[in-house]
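Below is one structure, written out as structure tokens; comments come after it.
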Amino acid sequence: MLKKMLSLVMVLSLLCCTAAFADEAKPLEGKNLTVAMSPDFMYFETVSETEECGYEGLDIDILKSLSEKLGFTFTITPMAFSSLIGTLQTGNADLVISGMSATEERAQVVDFSITYAETDFGVVVPVDSDIASYDDLKGKIICCSQGATLEQVIQNIEGATLVTYQGQSAVGLAVAQQSDGVAAGMTSINGSKKLANTVLAEDGSPLLKYFVLEYDGISDVYNIAFPKGSELTEVFNTALQEMIDSGEMDELIKKWLY
């Protein structure tokens, strides 16, 4: 009888330990998180007709991996990029993953995760344009997506005029049509490649070309944003670091951006 009791105690102890490890491994088990994003950033998040969640891209794959590792489910709320920070401030979203960069200004009102990806900036110009470098942009009318970090870059170019549009696709169209006198558009390098390959004339010829923006300034880094003081920040940072250390993040970045 004593042996049976001891065996039972050992089994119960093992079950308790297993449960504890399970809780530790998936600290957000059972939670459904509201994720705000602007699904118009090529290769990061765009609408998909095949994915169950309705979207695809680097940020979507990262979100799926984090969901599996941490145990949460998620609901995506699409909106304009310029509305994302405000949505966190009003408590209408638990996090933002949307090709967003941590900046000093944004960090005053939201918290950011560690950087999970870093890429070059790109510039798209009409296919017959002579603009081919940072210096060539001086004094020009340049556009980017509204609310993007690139607003700051453009404002720091000597004599340049900033014009913003809603979304990357609108930027490409504005450059192709030279709307509002726009001479060039800035976005991520992967977005520039995509625009140069998809904004075409009726005969299928390209209307845009692109080049890598080489200059001394802020880099194109990407972070997840959370409401100020959110307990999720530390939890997500741990999981993101695991993805980086294991090489999983590099694999996803190569899949989508290169």
Side-chain angles (χ1 to χ4, degrees), residues 33 35-48 51 53 55-70 72 74 76 78 81 84-85 88 93-107 110-124 144-145 147-153 167-168 171 185-196 210-226 230 232-258:
L33 303 181
V35 180
M37 68 171 55
S38 180
D40 55 8
F41 191 15
M42 297 171 186
Y43 296 115
F44 279 80
E45 49 270 321
T46 53
V47 175
S48 170
E51 291 294 326
C53 68
Y55 304 95
E56 64 181 9
L58 173 63
D59 286 341
I60 303 302
D61 279 2
I62 291 173
L63 184 60
K64 288 179 179 178
S65 181
L66 291 170
S67 173
E68 293 175 1
K69 295 177 189 303
L70 299 175
F72 66 89
F74 58 88
I76 294 175
F81 190 87
L84 293 173
I85 294 293
L88 288 178
D94 296 298
L95 62 105
V96 164
I97 181 168
S98 193
M100 179 174 284
S101 302
T103 65
E104 291 184 8
E105 181 180 2
R106 290 171 180 164
V110 299
D111 289 337
F112 282 102
S113 72
I114 59 174
T115 295
Y116 61 82
E118 183 172 357
T119 64
D120 296 315
F121 287 133
V123 179
V124 288
C144 68
S145 296
T149 310
L150 283 163
E151 289 186 9
Q152 179 183 339
V153 177
Q168 198 176 70
V171 167
M186 286 193 193
T187 180
S188 62
I189 186 59
N190 54 288
S192 298
K193 292 178 183 178
K194 182 69 173 179
L195 289 174
Y210 75 93
F211 62 89
V212 176
L213 184 65
E214 297 181 354
Y215 81 115
D216 294 327
I218 58 176
S219 58
D220 201 7
V221 299
Y222 301 100
N223 311 78
I224 302 175
F226 304 91
S230 173
L232 295 176
T233 308
E234 184 177 351
V235 176
F236 272 69
N237 277 344
T238 300
L240 285 171
Q241 192 62 57
E242 289 177 358
M243 292 178 69
I244 293 169
D245 293 342
S246 69
E248 179 184 358
M249 190 67 75
D250 278 341
E251 291 180 5
L252 293 179
I253 290 172
K254 290 176 182 176
K255 170 187 173 181
W256 287 105
L257 305 188
Y258 294 95

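Hydrogens, waters and symmetry mates are skipped; everything else that's a heavy atom, side chains included, is used.
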If you measure from CD1 on I60 to OG on S48, what distance do you get to the nearest 0.5 Å?
9.0 Å
Heavy-atom distance under 4.5 Å between the side chains of F81 and S145, does that happen here?
no
Please report the closest heavy-atom contact between D59 and G99, naming both atoms and the distance.
OD2-N, 2.8 Å
Are the side chains of M100 and L84 in contact, using a 4.5 Å heavy-atom criterion?
yes
Would a 4.5 Å heavy-atom cut-off, applied to side chains only, mark Q168 and D40 as touching?
no
Does V35 form a side-chain contact (heavy atoms from CB on, under 4.5 Å) with L63? I'd like the steps, not just the answer.
CA-CA 9 Å; V35 180; L63 184 60; 4.1 Å; yes
Within a strict 4.5 Å, meaning less than it, do heavy atoms of the S188 and Y43 side chains meet?
no
W256 and D61: which non-hydrogen atoms are nearest, and at how many Å?
NE1-OD2, 2.9 Å
Would a distance-only check, ignoring hydrogens and angles, find a side-chain to backbone donor-acceptor pair under 3.5 Å from E45 to F41?
no
With a cut-off of 6.0 Å (strictly less than), are more than 12 heavy atoms of other residues, nucleotides or ligands near CD of Q241?
yes
Any donor-acceptor pair under 3.5 Å from T187 side chain to S192 backbone
no
Gap separating the CG atom of D120 from the CD1 atom of I189, nearest 0.5 angstrom
6.0 Å
Ring centroid separation F72 to F236 under 6.0 Å:
yes
Please find the pair of heavy atoms, one from S38 and one from S98, that lie closest to each other, and give the distance.
N-OG, 2.8 Å
Any side-chain heavy-atom pair from M186 and F121 closer than 4.5 angstrom?
no
Distance (rounded to the nearest 0.5 Å) between L232 CG and N237 CG
10.5 Å
Nearest heavy atoms of T115 and N223, plus distance in Å
OG1-ND2, 3.1 Å
Can you tell me how far CG of L58 sits from CD1 of I62, rounded to the nearest 0.5 angstrom?
4.0 Å
Decide yes or no for V96 and I85: does some side-chain heavy atom of the first lie under 4.5 Å from some side-chain heavy atom of the second?
no
Looking only at heavy atoms, what is the nearest atom pair of L257 and K193, with distance?
O-NZ, 4.4 Å
Does Y222 have its ring centroid less than 6.0 Å away from the ring centroid of F44?
yes
What one should report as the nearest heavy-atom pair of Y116 and M249 is O-CG, 3.4 Å
State whether the number of non-hydrogen atoms from other residues, nucleotides or ligands found under 6.0 Å of K69 atom NZ is greater than 12.
yes
Give a yes or no answer on whether the side chain of D111 reaches the backbone of F226 with a donor-acceptor pair at less than 3.5 Å.
no
For the CD atom of E242 and the OG1 atom of T238, what is their distance to the nearest 0.5 Å?
7.0 Å
For the residue pair T103 and Q152, confirm or rule out a side-chain donor-acceptor distance under 3.5 Å.
no
